[in-house]
Amino acid sequence: MEAPLYLRPRVEPPLGALLDDGPFLHSLVAALGSPLNVLLPQTIAENLARFRAVYRSHHLTGRVFFAHKANRSSALVRRLAAEDPAAVGIDVASLGELRHALGSGFTGDRIMATGPKNPEFLWLAARVGATVALDSLGELEQLAGLVRTYGLPRVDVLARLSGFEAATGPGRPATRVLSRRSRFGVPVREAGELWQALERHQDAVEPTGLAYHLDTTGAEEKIRALEQCVLLMDEARSRGLSPRALDIGGGFGVGYLADAAQWERWTTALNEAVLGIRPPLTWGGHGYGLRNEGGTLRGAAALYPAHRGSAGPGYLDGLLSASGPVLGRPLSTLLLEHLHDLHVEPGRSLVDQCGLTLARVAEVRRLDADHGPYLVRLEMNAGDMSLEEHGVLVDPVLLPHGAGADTARGPEPVGVHLVGNLCLEADLITRRLVHLPRLPRVGDVLAFVNTAGYAMDFRATRAQRRPVARTVAVERTEGSWRWCPDEDYWPITHPEGAPS
Ligand SMILES: *Cc1c(COP(=O)(O)O)cnc(C)c1O
């Protein structure tokens with residue numbers, strides 16, 4: 001048999017120590033059911049510190065706004081609320097997230113309201129003194145109207161832009177749009193109208209800067225957009241506005257895999273499987289967007305680049321050190337010279353290593369009576385753990401039932417299909433054949449690592465009246481793990497030493 005096609009997760013402390021404590025994780029699942037989400041609030045604070053270190057090394061001011069939409073958790077939001085107000089705020093994209101942020105200890109001046117907004121969301125954001133990242137000129141009109149009608153305080157606004165154009169040059173048509181089309185933001189080519197509208201509404205809103213969020217990890221697009229915004233802020237200034245902050249959104253990425261070679265090997269094997277050179281690697285020969293057209297590989301794999309050279313704070317550092325294509329100077333130097341605040345809105349990367357999702361093995365059987373691949377049915381469905389939905393491919397960690405960790409290894413590795421508990425053909429935890437060090441047994445637990453960003457509760461449903469996963473926060477104190485329900489976590493220590 002060829003070597004198993006593992007995709008080993010990247011695990012750092014303290015998540016690694018948590019995974020090593022199989023009996024503790026089993027006891028949580030036994031008490032609270034499967035699936036179960038486990039969060040490490042301490043880690044989000046450590047990730048914040050890493051982002052702040054990048055700010056310091058570039059001598060930049062401004063805030064890190066956590067993109068709340070990545071996770072519904074209270075523990076994570078409250079943990080961040082306890083950090084330095086000048087260092088961290090929160091990006092909320094709905095009325096519910098705004099209320100949650102306020103109730104978790106964020107004051108209005110630390111809140112950035114983004115995304116599509118209804119009047120109630122705009123009203124509350126304005127009422128509490130949040131900054132509003134304007135999605136469109138229509139939204140500006142609507143906000144200004146609310147401020148006047150209800151006598152609200154003047155609102156700080158950032159104008160969100162989209163449709164950045166590539167630098168022009170020989171062989172490059174001037175109108176080539178560099179960033180992919182976005183539903184959000186005012187197209188850069190409408191900047192003239194934007195300045196006029198902001199001037200017109202200065203009684204109701206205070207334009208404090210520009211914003212963008214490019215939903216990509218592609219650095220070239222981001223470098224270009226950042227430089228173009230600095231130039232546009234000069235333009236706004238020449239028109240009498242006084243923008244002073246640039247919000248470059250999120251999308252700094254996460255490295256999910258420990259080993260670049262495994263990722264290379266797996267993606268090469270996928271290409272070969274799609275071409276029919278080797279047996280399928282996926283359920284029903286699914287190609288993740290690749291297809292075989294007469295012996296030629298076509299399409300593009302819709303997969304997250306799960307092994308990353310630099311991600312999160314490291315990615316931000318690289319971006320700030322890069323030079324813009326027009327002025328040819330490092331972006332951090334441009335920001336510094338203009339005295340602009342830099343705001344970032346990391347979601348996925350701020351919750352890197354902050355949690356895992358546990359699922360108990362409910363059934364193990366072969367697809368065809370006594371041969372064919374194994375099906376491993378979990379007490380969870382594809383909505384409970386949606387890494388697959390985001391194209392993130394990574395192996396779960398097998399936590400054996402009953403005995404010590406030594407039983408995680410077996411006579412030989414095995415490829416299995418992980419299927420969910422819904423009465424639905426499409427309910428696959430992943431379409432990929434997953435290699436495990438041994439065949440799982442009923443009662444074992446599989447731990448999916450690094451699910452706190454979008455994979456934990458973003459897609460969870462009550463389909464078939466199945467309960468959604470409970471979420472707990474854990475902390476290590478005096479050599480042992482303590483846990484509490486996510487909603488009961490507060491970032492204080494009780495006299496007896498337990499979190500909350
Ligand atoms: C989703 C989103 C983010 C966070 O993106 P990540 O890729 O999770 O870092 C930031 N800002 C806005 C406006 C968003 O919509």
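Quantities reported herein were computed from a predicted structural model and do not represent experimental measurements. If you read the sequence from its start, that first residue is 1, and numbering goes on from there.
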Where A245 and L158 come nearest, the two heavy atoms and their spacing: O-CD2, 4.2 Å

Any residue meeting side-chain hydrogen bond (donor to acceptor under 3.5 Å, both in side chains) with R148, in chain and number order, not counting sequence neighbours: H201, D203

Any P119 side-chain heavy atom under 4.5 Å of Q142 side chain: yes

S332 side, atom OG; H340 side, atom NE2 - distance, nearest 0.5 Å: 13.5 Å

Minimum side-chain heavy-atom gap D341-L246 below 4.5 Å: no

R52 atom CZ, over 12 foreign heavy atoms within 6.0 Å: yes

Test item: side-chain donor near acceptor, Q228 and Y212, under 3.5 Å: no

L358 side, atom CG; M380 side, atom CE - distance, nearest 0.5 Å: 8.0 Å

E425, CD atom: more than 12 neighbouring heavy atoms under 6.0 Å: no

Distance, nearest 0.5 Å, that separates CG of D91 from OG1 of T131: 11.0 Å

Side-chain ion pair, E206 and R244, N-O less than 4.0 Å: yes

Over 12 foreign heavy atoms within 6.0 Å of CZ, R154: yes

Derivation and outcome, side chain to side chain contact (heavy atoms under 4.5 Å, CB included), residues D352 and N450: CA-CA 6 Å; D352 181 29; N450 223 344; 2.8 Å; yes

Test item: side-chain donor near acceptor, Y256 and R348, under 3.5 Å: yes

Quiz item: cation-pi between R189 and F164, 6.0 Å / 45°: no

P330 side chain near S323 side chain, heavy-atom distance below 4.5 Å: yes

Working for side chain to side chain contact (heavy atoms under 4.5 Å, CB included), residues D427 and V419: CA-CA 6 Å; D427 186 26; V419 302; over 6 Å; no

Criterion side-chain hydrogen bond (donor to acceptor under 3.5 Å, both in side chains) on T357 and T451, from CA distance to verdict: CA-CA 6 Å; T357 299; T451 52; 2.8 Å; yes

Test log, rule side-chain hydrogen bond (donor to acceptor under 3.5 Å, both in side chains), inputs D457 and N37: CA-CA 9 Å; D457 47 31; N37 296 318; 5.5 Å; no

M233/L210 under side chain to side chain contact (heavy atoms under 4.5 Å, CB included): CA gap, chis, key distance, verdict: CA-CA 7 Å; M233 281 163 79; L210 296 180; 3.6 Å; yes

ring-ring contact (aromatic ring centres under 6.0 Å, His included) between F184 and H213, worked out: CA-CA 9 Å; F184 304 107; H213 168 69; 8.7 Å; no

Minimum heavy-atom distance Q353-R10, with the two atoms named: NE2-O, 2.8 Å

Sub-4.5 Å side-chain heavy-atom contact between V11 and L19: yes

Flag if over 12 foreign heavy atoms under 6.0 Å of CZ, R99: no

Presence of salt bridge, E220 and K222, under 4.0 angstrom: no

Side chains of H58 and D317, donor plus acceptor under 3.5 Å: yes

Spatial distance of atom CG (L378) from atom CZ (F448) [nearest 0.5 Å]: 5.5 Å

L36 versus L28, closest heavy-atom pair with distance: CD2-CB, 3.6 Å

Modelled atom types, side-chain donor and acceptor of E475 and W483, under 3.5 Å: no

V128 side chain near T107 side chain, heavy-atom distance below 4.5 Å: no

Derivation and outcome, salt bridge (charged side-chain N to carboxylate O under 4.0 Å, His left out), residues R329 and E227: CA-CA 9 Å; R329 318 207 25 238; E227 185 187 54; over 6 Å; no

Geometric class of the H68/F66 ring pair [parallel <30°, tilted 30-60°, perpendicular >60°]: parallel

Salt bridge present between R239 and D234 (N-O < 4.0 angstrom): no

Side-chain heavy atoms of R308 within contact of V254, under 4.5 Å: no

Short side-chain donor-acceptor distance under 3.5 Å, T208 and D156: no

Salt bridge (charged side-chain N to carboxylate O under 4.0 Å, His left out) between R63 and D247, worked out: CA-CA 9 Å; R63 272 203 187 113; D247 181 337; over 6 Å; no

Heavy-atom side-chain proximity of S34 to V445 below 4.5 angstrom: no

Intermediate values then yes/no, ring-ring contact (aromatic ring centres under 6.0 Å, His included), Y454 and H390: CA-CA 8 Å; Y454 302 104; H390 288 259; 5.5 Å; yes

Spatial distance of atom CG (L356) from atom CG (L40) [nearest 0.5 Å]: 7.0 Å

Ring geometry between Y288 and H286 (parallel below 30°, tilted from 30 to 60°, perpendicular above 60°): perpendicular

Full working for side chain to side chain contact (heavy atoms under 4.5 Å, CB included) between R432 and L7: CA-CA 11 Å; R432 181 175 73 90; L7 290 175; 3.4 Å; yes

Charged N-O contact under 4.0 Å between K69 and E97: no

E141 and R200: CA distance, side-chain angles, deciding distance, salt bridge (charged side-chain N to carboxylate O under 4.0 Å, His left out) verdict: CA-CA 10 Å; E141 299 285 336; R200 202 165 56 240; 3.1 Å; yes

In a table with atom names and distances, give each donor-acceptor pair under 3.5 Å that connects a side chain of residues 77-90 to protein atoms at least two apart or in another chain.
| unit_1 | atom_1 | unit_2 | atom_2 | d |
| --- | --- | --- | --- | --- |
| R78 | NH1 | E487 | O | 2.9 |
| R78 | NH1 | Y489 | O | 2.7 |
| R79 | NH1 | E83 | OE2 | 2.7 |
| R79 | NH2 | Q42 | OE1 | 3.3 |
| D84 | OD1 | A86 | N | 2.9 |

Test item: R459 side-chain N/O and A382 main-chain N/O as donor-acceptor pair under 3.5 Å: no

Distance-only polar pair, side chains of R482 and T477, donor-acceptor under 3.5 Å: yes

Spacing of C354 atom SG and L39 atom CG [to the nearest 0.5 Å]: 7.5 Å

Ionic contact status for E120 with R127, cut-off 4.0 Å: no

Side chain to side chain, L60 and L335, heavy atoms closer than 4.5 Å: yes

Closest heavy-atom pair and its distance - L134, E139: CA-OE2, 3.6 Å

Flag, side chain of Y55 to backbone of L342, donor-acceptor distance under 3.5 Å: yes

